[in-house]
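This report refers to the structure that appears directly beneath it.
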There are 2 protein chains.
Amino acid sequence: MITLSEENYLKAIYHLGKQGTVAVSTNAIAEKIQSKASSVTDMIKKLADKNLANYIKYQGVSLTKKGRLAAALVIRKHRLWEVFLVNKLDFSWDEVHEIAEQLEHIKSLKLVNQLDAFLEYPTHDPHGDPIPDKDGNYSPIKSVNIFEVEIGKVGVLSFVKNATDAFLKYLNKNKLALGDTIKVIEQEPFDSSLTIETNNRKLVISKEVAQNLYLTL
Amino acid sequence: MITLSEENYLKAIYHLGKQGTVAVSTNAIAEKIQSKASSVTDMIKKLADKNLANYIKYQGVSLTKKGRLAAALVIRKHRLWEVFLVNKLDFSWDEVHEIAEQLEHIKSLKLVNQLDAFLEYPTHDPHGDPIPDKDGNYSPIKSVNIFEVEIGKVGVLSFVKNATDAFLKYLNKNKLALGDTIKVIEQEPFDSSLTIETNNRKLVISKEVAQNLYLTL
DNA sequence: TAAATTTTTTAGACAAGACTAAAAATATTT
DNA sequence: AAATATTTTTAGTCTTGTCTAAAAAATTTA
Ligand SMILES: [Mn+2]
Ligand SMILES: [Mn+2]
Ligand SMILES: [Mn+2]
Ligand SMILES: [Mn+2]
């Protein structure tokens, strides 16, 4: 049995350390999870005891195979529930994260898999993040940051790196959504802002915004 | 903020004491919730401190208006999720209780209400229990126990009192489901067993079974 | 109504998960 | 290579929710 709190730590380590394969620091986890370094030390000892993590004092923590699978399952649930909330319950993409943060801890393998089927096996969540399969695998993202796209070329908005409330609301306000076709018109050398065209209108986006937009070509 | 554990106690008091209006004993709660009397005493003090319960030492506990509403909301969520699992995710009625036991604690008013809409405002859960509305109200059950039905009369199976795994599986095996039209053919005086007719076949049910079947006429 | 029984409460302990403050180890500067 | 700064761990405390054992109150029986 993995507790709710343990699941949240597994997820943090997974995200910070390339799917848990690379050792991450106590402080990094504490910041991610909004707790203190001492609490993290306590918890990673428990994870190591349960064979979910590899831990050497003062050298950070990574996930075992078992820990990686457990983390991937939590992420799978999180993202499937986000799809459910947006596609079936009419939530907007900036409202779902907090609720998914709770739903991801519901324990029932059958529930996850039936939900997956009900949603018709989605491959990505409402923010463009890939949904792991039952074995924790997913195809790597093929999208590239909008700065990598040549001037004059088009791509489809398929992933937003920063899924914070503020950023998603900015996108809503500017009517930018996943699936939109975007053409890169011009880059301003002074501040790296981009002029883009989508749905027959031009839009200027700042460097900060552009850094978070990823397109598939 | 009401914790998960507090919600479970509220539900127990609500169910044991006529929607929490009547005082229930420490022991009764302990048995219902599978805990000990001393744990119950601790918790009902907390509920009273939070203005969710009325508690007088040695005289049992009932719910305040606030506590009744909170309990009804948990029950509302439990039953809506059960409907979701059965109607949308193809669970059978004997598999949903445990999962709903977890889902009932997810916190988001919008989620409950959107789920309600998505399910098209169901009035009863898969076991025939009524679903409270946003204000915690529901129309009282109009069904009667099958023993109250006159010989020769028909009714529709609309509620099963005992929703344990074993009983629901018995009903599955005997192809009895909510919504079935049932005619009461005969009662055996010796053991109070009933002969009933449904879907063009006759079936003999024991007193224990009959006590848990409720029909609308 | 007194004795015996049952129920409820209190006292004290424990595990999980979090925190602060201090000590130890590691990393960075000079 | 010291000295300094940062990171990590340890030690000790707190809260929530649970438990057992004992004490107190209420109820039932004799
Ligand atoms: Mn979470
Ligand atoms: Mn997401
Ligand atoms: Mn149920
Ligand atoms: Mn519950």
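All values reported here derive from a predicted model rather than from experimental measurement. In what follows, chains carry the letters A, B, and so on, assigned in the order in which the sequence lines appear, proteins first and then strands, with residues in each chain numbered from 1. Below, all heavy atoms of this structure are taken into account, side chains as well, without hydrogens, waters or symmetry copies.
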Phosphate contact ([N] OP1 or OP2) by [X] side-chain N/O below 4.0 Å:
X        : N       : value
Lys45(A) : dT10(D) : yes
Lys46(B) : dG17(D) : yes
Thr3(B)  : dG17(D) : yes
Ser39(A) : dA18(C) : no
Asn27(A) : dT8(D)  : yes
Tyr55(A) : dT9(D)  : yes
Lys57(B) : dT10(C) : yes

Separation of [N] [atom2] from [X] [atom1] (nearest whole Å):
X        : N       : atom1 : atom2 : result
Ile56(B) : dA25(D) : CD1   : C1'   : 15 Å
Ile29(A) : dT8(D)  : CD1   : C1'   : 12 Å
Glu31(B) : dT7(C)  : CD    : P     : 11 Å
Lys36(B) : dG12(C) : NZ    : P     : 21 Å

Checklist entry - Do you know which two heavy atoms are closest between Ala177(A) and Trp93(A), and how far apart they sit? => result CA-CH2, 4.5 Å
Side-chain donor-acceptor pair present, [X], [Y], cut-off under 3.5 Å:
X         : Y         : result
Thr64(B)  : Asn51(B)  : no
His78(B)  : Asp125(B) : no
Tyr214(B) : Glu148(B) : no
Asn162(B) : Thr164(B) : yes
Tyr138(B) : Gln19(B)  : yes

Every protein N/O within reach of nucleotides 23-25 of chain C N/O, cut-off under 3.5 Å:
unit_1, atom_1, unit_2, atom_2, d
dA25(C), O4', Tyr58(A), OH, 3.3

